[in-house]
Amino acid sequence: MSKVVLASLIVAGASALQMPTSRAASSRVSPVADAAAKLGRRGMLAGVASALIAAPALAEYTLPDLPYDYEALEPYIDAATMRFHHDKHHATYVANVNKALEGKPAKSILELQKDAISAGGAVRNSGGGHYNHALFWEEMGPATGKGPTGALAAKIDEAFGSFDKFKEEFSAKSAGRFGSGWCWLGVKPDGKLAIDTTPNQDNPLMDGGCETKMVPILGLDVWEHAYYLKYQNRRPEYISSWFNVVNWEKVAFNYEKYASKGQGVPF
Amino acid sequence: MLPAMRRFSTAAKYTLPDLPYDVGALEPAISAEIMTIHHAKHHNTYVTNLNAALDKYADAEAKRDVAAMVALQGAIKFNGGGHVNHSIFWTNLAPTASGGGDASHAPSVVGMIEKQWGSLDAFKTSFNAQTAAIQGSGWGWLGYDAASSSLKVATCANQDPLSMCGLVPLLGIDVWEHAYYLQYKNVRPDYLKAVWSVVNWKNVEERLAHAKPK
């Protein structure tokens, strides 16, 4: 069977499983392209093709929907920031990485990270930007007052002494990252947790991306666009507010399912 | 020499320069809100942190703690660069009423620009493209290269001063998001288009005159 026909069958099958979404505005290219982007994850699906569709460019990434409404993280992160951050900044990263990879073989956005620095240009800046923001939306949620539990909580205590001490170190490093960048909590090759920062849209998944080699499970965007509308220059206030909207259940899930096994969180 | 005489003087505190115009004077290109926060908060913080870092550096020097001196280099570079850059920036801008945006005040600069880029518009297009493309935080600069007696466009990351590239700063445009976000949001190119209307060409001309060999 030709590659094109096979790809079309897989895509048609994957499309049939697409759940409609009704969340915050997304610029989904098309269910076909979207399904193609998820090819790696869904694997080979022996769907029945209702119509043969020309195989789309497999390098298309799509802007994920926010898992909540724009207002859901108020008052800690304001709705206007969520709108611009997701609908403009993240959308631009997606558009730019798609542009940069036109015609090139598809990799999941997770797989793209490893060699992003050597690839350079938009693959590094926008491919990194796309991954980082995909993780960012997923790891946050409406404030619940709940902290980490279970295995992750134990690992946090082991690495930092206590959850409070973890927050102290994470806050200090986030505030101390000069210019644009991110602060990360990740799992090192030895299984221990660590905190480190990266500049611009680099992340610890990239070879050469971070001084500490680790799989990130939690990231804080400290680019000014992440907080300026509400906090202006008051980055430390943004950082301490942000802890209120960390979805520790999701972070723990990603830790247990992926990072604790040395795998990056996939999107 | 007595040890006391070898102490680094802690008298040299840096201070926030006043803006040469009202916070609202650069509207509509740059809003009063941005000018207020940019000057009174961001630049002020660089000055405060520079002074703090230099105090700590003086202590480290007195103790001959070279490791501590090295550890402070980052803070001095960030905050010192921030102070240098913003001090230049406020003088590089002027209200249109005072000649902001009027390149006829800079005949020598414009003459060199036309020779090197063909036209002032071509220069602005090139400058804006390079400056818009800066990843993350940084500055776009027009600088004077003494070695070649020519003008150069350069970009610097974070608060790295242009002197690190061996150029004399003539005109800098801050593209840290704090410089434009409240007004232009993610659309950095719109800010770059607008800012030319408040460029203080008189100041750019003065800086060139100062930079060229007598």
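Letters A, B, ... mirror the listed sequences (proteins, then strands); counts begin at 1.
- Contacts from residues 131-144 of chain B to chain A, taken as heavy-atom pairs separated by less than 4.5 Å, involve B:Gln135, B:Gly136, B:Ser137 in sequence order.
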(message) The test is side chain to side chain contact (heavy atoms under 4.5 Å, CB included); show your working for A:Asn233 and B:His38 and say whether it passes.
(response) CA-CA 9 Å; A:Asn233 61 305; B:His38 202 173; over 6 Å; no
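- Counting non-hydrogen atoms of neighbouring residues, nucleotides and ligands closer than 6.0 angstrom, the NZ atom of B:Lys56 reaches no more than 12 such neighbours.
- Around the NZ atom of A:Lys230, the shell of radius 6.0 Å holds more than 12 heavy atoms that belong to other residues, nucleotides or ligands.
- For B:Trp196, the ring pair (Phe, Tyr, Trp, His ring centres under 6.0 Å) criterion is met by B:Phe123, B:Phe127, not counting sequence neighbours.
- Contacts from residues 164-178 of chain B to chain A, taken as heavy-atom pairs separated by less than 4.5 Å, involve B:Trp176, B:Glu177, B:His178 in sequence order.
- Between A:Phe178 and B:Phe78, the ring center distance clears the sub-6.0 Å criterion.
- Remark: B:His39 pairs with B:Trp90 by the ring pair (Phe, Tyr, Trp, His ring centres under 6.0 Å) rule, at least two apart or across chains.
- At a 4.5 Å heavy-atom cutoff, the contact between A:Asn200 and chain B is made by side-chain atoms alone.
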(message) Before you tell me yes or no, could you show the steps for B:Tyr181 and A:His85 under ring-ring contact (aromatic ring centres under 6.0 Å, His included), namely the whole-Å CA-CA distance, both residues' side-chain angles and the distance that decides it to 0.1 Å?
(response) CA-CA 12 Å; B:Tyr181 207 79; A:His85 205 174; 8.9 Å; no
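- Around atom CD of B:Gln73, more than 12 heavy atoms belonging to other residues, nucleotides or ligands sit under 6.0 Å away.
- Side-chain contact between B:Val187 and A:Lys88 is absent, with no heavy atoms from C-beta onward closer than 4.5 Å.
- Interface check for chain B: of the options A:Ser180, A:Gly176, A:Pro199, the most heavy-atom pairs under 4.5 Å are formed by A:Ser180.
- Note that CG of B:Asn186 is 13.5 Å distant from NE2 of A:His90, once rounded to the nearest 0.5 Å.
- A distance of 8.0 Å separates CD1 of B:Ile37 from CZ of A:Arg234, quoted to the nearest 0.5 Å.
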